[in-house]
Amino acid sequence: MNEDQFKGKWNQVKGKFKQEYADLTDDDLMYAEGKSDELLGRLQEKTGESKEKLKEQIDKW
């Protein structure tokens, strides 16, 4: 999965969350996105793997 595909999937998830939970704001979802990016960065730092490879591994699990 490349970066554009990941962002596209994230946008789909955000849309579904907004539909299901109308009281969620863009700020709430941006916070979650930031935490996801932070986690990937930490994993990348610890493992030395690329974000792409880490995303592929996460998709497989």
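Quick note: numbers below take in every heavy atom, side chains included, and nothing from hydrogens, waters or symmetry partners.
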Response to the item:
Minimal heavy-atom distance between Gln44 and Glu49, with the atoms involved, is CG-O, 2.9 Å
Response to the item:
All heavy atoms of Leu40 vs all of Leu54, minimum pair found to be O-CD1, 4.0 Å
Response to the item:
Rounded to the nearest 0.5 angstrom, the OG1-CD distance for Thr47 and Gln57 is 7.5 Å
Fill in: Distance (rounded to the nearest 0.5 Å) between Lys9 NZ and Asp59 CG
5.0 Å
Worksheet item: Going by an N to O cut-off under 4.0 Å, is there a salt bridge joining Glu38 and Lys35?
Response: yes
